[in-house]
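Only this structure's heavy atoms are used, side chains among them; waters, hydrogens and symmetry mates stay out.
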There are 2 protein chains.
Amino acid sequence: MDRRDVLADAAITVLARAGSRGLTHRAVDAAAGLAEGTSSYYFRTRSALLQACVERMAARTLEEMTTGTPAVTTVDQLVGACVATVGHWLAKDRERLLARWELALESTRRPELETALRAAGATIRERVADTLAALGIAEPRRRADDLVACLDGLAFDQLAGAGRPPRDDAGLRASIGDVVRGFTAS
Amino acid sequence: MDRRDVLADAAITVLARAGSRGLTHRAVDAAAGLAEGTSSYYFRTRSALLQACVERMAARTLEEMTTGTPAVTTVDQLVGACVATVGHWLAKDRERLLARWELALESTRRPELETALRAAGATIRERVADTLAALGIAEPRRRADDLVACLDGLAFDQLAGAGRPPRDDAGLRASIGDVVRGFTAS
DNA sequence: CACGCTCCTCTACGTCTGTAGTAGTTTGTA
DNA sequence: TACAAACTACTACAGACGTAGAGGAGCGTG
């Protein structure tokens with residue numbers, strides 16, 4: 001794997017575990033198990049490091065999206081797909097989620113990041129919008145944006161929010177069922 | 001106003017504008033317009049500064065909650081109340097929202113913060129649960145948690161997320177209408 | 001008025017961070 | 001094989017950061 005990708009992955013891990021404040025060149029070197037100074041050579045500035053994080057994340061998300069996307073033709077299937085996605089986020093992508101939120105907050109202050117982050121988000125939302133449209137739902141574009149935002153909100157609440165009760169699968173299914181119903185009814 | 005409160009408010013502003021990384025004693029002093037070293041005297045460690053932020057935020061939220069809470073007796077009124085709340089967040093509480101998310105992410109790594117943050121969140125959620133229960137909705141507790149999480153998700157998407165198209169009031173109402181319907185139907 | 005106490009400001013210091021640059025090493029080419 | 005170019009690892013350094021503590025101003029009490 002390209003050295004840059006290794007470093008970007010390490011940076012994402014650091015971001016998740018230590019937050020924006022902990023994201024330093026040296027911390028990335030340590031996380032990647034590379035010699036001190038390495039990340040500083042590949043990404044001269046901290047801003048470049050952040051940029052690399054969002055690009056790497058976007059690339060990985062896109063990659064995963066193109067691989068396995070089961071067809072969704074009913075609302076129930078949509079609920080299932082959403083539960084599967086969020087469940088996967090919570091179980092296996094914890095770090096990537098935390099890093100993404102960290103970057104999102106950072107993008108508030110860095111227009112370069114915002115652009116890249118927004119482009120990545122748009123791709124996913126389009127995909128969801130297509131699915132909603134295929135189900136014959138009105139305003140698929142807006143509703144796709146909202147649905148993604150709500151699922152993200154539920155995940156945030158679970159991982160970092162004030163709610164955060166360890167929620168079982170059934171609870172997750174009930175919650176997501178409610179949300180999806182709201183966006184698909186009528 | 002108590003010096004500590006002034007400093008905590010300044011810290012919240014710094015947190016929102018410069019992120020966790022920018023939250024330093026000196027930055028807080030500058031934001032508060034006080035002599036350098038002041039915040040370092042009142043809150044000796046950075047951790048104490050963060051703690052002060054969440055406590056101050058919790059206090060302010062509680063205060064606002066006890067003042068104006070119009071009665072909600074129909075689902076439509078609930079939608080209206082949610083729209084008003086989120087609208088207010090987006091228009092006037094931008095900084096507090098950003099700071100809260102910053103603290104939430106930080107709480108992932110600091111159990112002391114988590115406790116305080118969770119307690120504040122629980123109060124709000126109870127209030128919402130009571131409202132849902134009064135409307136005769138099943139599982140009010142879970143649904144209150146989910147509703148708050150979703151509204152937060154929508155706000156996040158708007159302020160820091162990947163969606164972030166400048167949304168007008170009608171759009172906001174439509175989105176929140178969908179969400180609330182999902183949690184109140186059946 | 002003199003004294004002691006509390007509150008606040010300012011300074012000091014060791015550590016860490018961002019970033020530039022130097023030196024060494026590998027790779028490709030003649 | 002000899003050389004040049006590119007790549008990589010490491011070092012250096014100015015600046016910022018967290019935190020502790022010294023000093024002084026203000027105020028109430030005897």
Side-chain angles (χ1 to χ4, degrees), chain A residues 1-56 98-99 102-103 105-114 116, chain B residues 1-56 99 102-103 105-113 116:
Chain A
M1 193 161 56
D2 188 13
R3 203 68 160 230
R4 285 168 181 276
D5 289 342
V6 173
L7 285 167
D9 283 340
I12 289 170
T13 302
V14 170
L15 213 42
R17 296 205 187 141
S20 172
R21 178 154 219 273
L23 185 76
T24 68
H25 282 108
R26 285 170 243 257
V28 172
D29 293 335
L34 293 171
E36 226 174 58
T38 307
S39 64
S40 149
Y41 166 72
Y42 283 94
F43 306 104
R44 219 87 255 232
T45 68
R46 214 183 86 97
S47 176
L49 210 48
L50 287 166
Q51 191 85 23
C53 285
V54 326
E55 275 161 22
R56 176 75 179 142
L98 288 171
E102 208 79 55
L103 289 169
L105 250 23
E106 193 74 27
S107 80
T108 285
R109 302 175 281 274
R110 293 178 190 264
E112 340 84 73
L113 286 193
E114 203 208 307
Chain B
M1 191 161 55
D2 187 15
R3 204 65 162 231
R4 286 169 180 277
D5 289 342
V6 172
L7 285 167
D9 282 342
I12 289 170
T13 302
V14 170
L15 212 41
R17 296 205 186 141
S20 170
R21 179 156 221 273
L23 184 77
T24 68
H25 282 108
R26 285 169 242 254
V28 172
D29 293 336
L34 294 171
E36 227 175 56
T38 306
S39 64
S40 147
Y41 167 75
Y42 284 92
F43 305 104
R44 221 85 255 232
T45 67
R46 215 184 84 98
S47 176
L49 209 48
L50 287 166
Q51 191 84 24
C53 286
V54 327
E55 275 161 22
R56 177 74 179 144
E102 208 80 54
L103 289 169
L105 250 23
E106 193 74 27
S107 79
T108 285
R109 299 174 283 274
R110 293 178 190 265
E112 338 86 73
L113 287 193

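Going from atom CD of A/Glu36 over to atom C1' of D/dT8 covers 15 Å, rounded to whole Å. Per the geometry, CG belonging to A/Leu34 stands 10 Å off C1' belonging to D/dA9, to the nearest Å. Whole-Å rounding puts the B/Arg46 CZ to C/dC16 P distance at 15 Å. One can place CG of B/Leu50 at 14 Å from C1' of D/dC17, the figure rounded to the nearest angstrom. B/Phe43 places its CZ atom 14 Å from the P atom of C/dC7, with the value rounded to the nearest Å. Atom pair A/Arg3:CZ and C/dT26:C1' shows a separation of 13 Å (rounding to whole Å applied).
Ranked by how close their nearest DNA chain D nucleotide is to the 5' end, B/Arg44 and A/Ala35 are led by A/Ala35. Annotation: of the two residues near DNA chain C, A/Gly22 and B/Ser40, the 5′-most nearest-nucleotide partner is B/Ser40.
In this model, the phosphate group of D/dT8 is approached by a side-chain N or O of A/Tyr42 to a distance below 4.0 Å at OP1 or OP2. Between B/Arg21 and D/dA16 there is no side-chain polar atom (N or O) within less than 4.0 angstrom of OP1 or OP2.
Of the candidate nucleotides C/dC8, C/dG18, C/dC10, C/dG18 has the atom nearest to the side chain of A/His25. Nearest nucleotide to the side chain of A/Tyr41, out of D/dT8, C/dC7, C/dT19: D/dT8.
Here the closest heavy-atom approach between residue A/Ala116 and residue A/Val54 is recorded as CB-CG2, 3.4 Å.
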Determine, stepwise, if the pair B/Val28 / B/Leu23 fulfils side chain to side chain contact (heavy atoms under 4.5 Å, CB included). CA-CA 7 Å; B/Val28 172; B/Leu23 184 77; 3.8 Å; yes
What do the steps show when you test A/Ser39 against A/Asp29 for side-chain hydrogen bond (donor to acceptor under 3.5 Å, both in side chains), and what is the final call? CA-CA 6 Å; A/Ser39 64; A/Asp29 293 335; 2.8 Å; yes
Go through it in stages, so that I can follow the logic: the residues are B/Arg21 and A/Arg46, the test is side chain to side chain contact (heavy atoms under 4.5 Å, CB included), and I'd like the CA-CA distance, side-chain angles, deciding distance and then a yes or no. CA-CA 12 Å; B/Arg21 179 156 221 273; A/Arg46 214 183 86 97; 3.1 Å; yes
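Within 4.0 Å of B/Arg26, counting heavy atoms only, lies at least one base atom of the nucleic acid. At a threshold of 4.0 angstrom between heavy atoms, the contacts of A/Leu49 with the nucleic acid are absent.
Taking CZ of A/Arg110 as the start and CG of A/Leu103 as the end, the distance is 10.0 Å to the nearest 0.5 Å.
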